[in-house]
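To start, the structure itself, in structure tokens.
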Amino acid sequence: MAEVVPTELTGVVNGDEQGKASGIIHNAGIRRRRNTFTSAGNIAASADTLRLGRAKAGDAIRAFEITATSNMSAASISIGTAGDPDKYLAAASLPNATSGRRIVLPTAAGYAPLTEDEEVIATVSVAAIPAGSLLIDTEFSRR
């Protein structure tokens with residue numbers, strides 16, 4: 001019977017050598033950075049930016065989880081950087097209060113570690129984000 005080894009472990013199939021596999025992919029510690037935006041009035045107007053924190057060189061951003069305490073589905077956000085506002089997420093509507101959104105990045109966008117630090121932002125479009133709380137979690141691995 002054939003044994004198939006995943007790409008990440010090619011050349012490192014011996015249990016004693018698994019420490020040589022990429023720490024971004026194999027045995028990676030997953031970290032979460034939470035950003036909560038709360039307001040009794042509009043949280044942000046269309047074209048405003050929300051700062052989601054500084055990703056460091058070596059971070060491999062994997063996913064974003066977005067939840068809301070009120071219906072925010074009329075507003076949309078894109079997630080990226082000032083130079084590439086939709087690097088991680090093209091404009092998509094925000095969730096309502098009963099459902100969150102988990103956006104897992106495709107392999108091409110999220111599995112390589114960053115080569116330099118970058119400020120991650122969300123850009124608001126279509127409509128203002130209404131009153132309530134908006135939580136945006138960034139999930140990443142780092143070795």
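Remember, it's a predicted structure, so these values are computed and weren't measured experimentally.
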Show the nearest heavy-atom pair for residues [X] and [Y], with the distance to one decimal.
{"X": "Asn42", "Y": "Ser39", "value": "O-OG, 3.6 Å"}
{"X": "Arg51", "Y": "Asn35", "value": "O-OD1, 3.7 Å"}
{"X": "Gly100", "Y": "Pro95", "value": "CA-CB, 4.2 Å"}
{"X": "Ser70", "Y": "Ala131", "value": "OG-O, 2.8 Å"}
{"X": "Arg62", "Y": "Ser141", "value": "NH2-OG, 3.0 Å"}
{"X": "Ala63", "Y": "Val104", "value": "CB-CA, 4.0 Å"}

Point-to-point distance, once rounded to the nearest 0.5 Å, from [atom1] of [X] to [atom2] of [Y]:
{"X": "Ile61", "Y": "Glu118", "atom1": "CD1", "atom2": "CD", "value": "5.5 Å"}
{"X": "Ile43", "Y": "Thr38", "atom1": "CD1", "atom2": "OG1", "value": "6.5 Å"}
{"X": "Ser76", "Y": "Ile129", "atom1": "OG", "atom2": "CD1", "value": "9.5 Å"}
{"X": "Leu134", "Y": "Phe37", "atom1": "CG", "atom2": "CZ", "value": "7.0 Å"}
{"X": "Ile121", "Y": "Ile79", "atom1": "CD1", "atom2": "CD1", "value": "10.0 Å"}
{"X": "Arg102", "Y": "Thr67", "atom1": "CZ", "atom2": "OG1", "value": "12.0 Å"}

Side-chain donor/acceptor of [X] to backbone N/O of [Y], under 3.5 Å:
{"X": "Asp117", "Y": "Ala57", "answer": "yes"}
{"X": "Arg101", "Y": "Ser93", "answer": "yes"}
{"X": "Ser125", "Y": "Ser78", "answer": "no"}

Exercise. Scan Glu139, Arg34, Arg32 and name whichever one has a side chain to side chain contact (heavy atoms under 4.5 Å, CB included) with Glu65.
Key: Arg32
Quiz item: Which of these, Ile136, Asp48, Thr123, sits in a side chain to side chain contact (heavy atoms under 4.5 Å, CB included) with Ile77?
Solution: Ile136
Quiz item: With side chains defined as the heavy atoms from C-beta onward, is the minimum distance between Thr49 and Glu119 less than 4.5 Å?
Solution: no
Quiz prompt | Linked, directly or transitively: Leu135 and Val124 (ILVMFWY side chains, under 4.5 Å) | solution = no
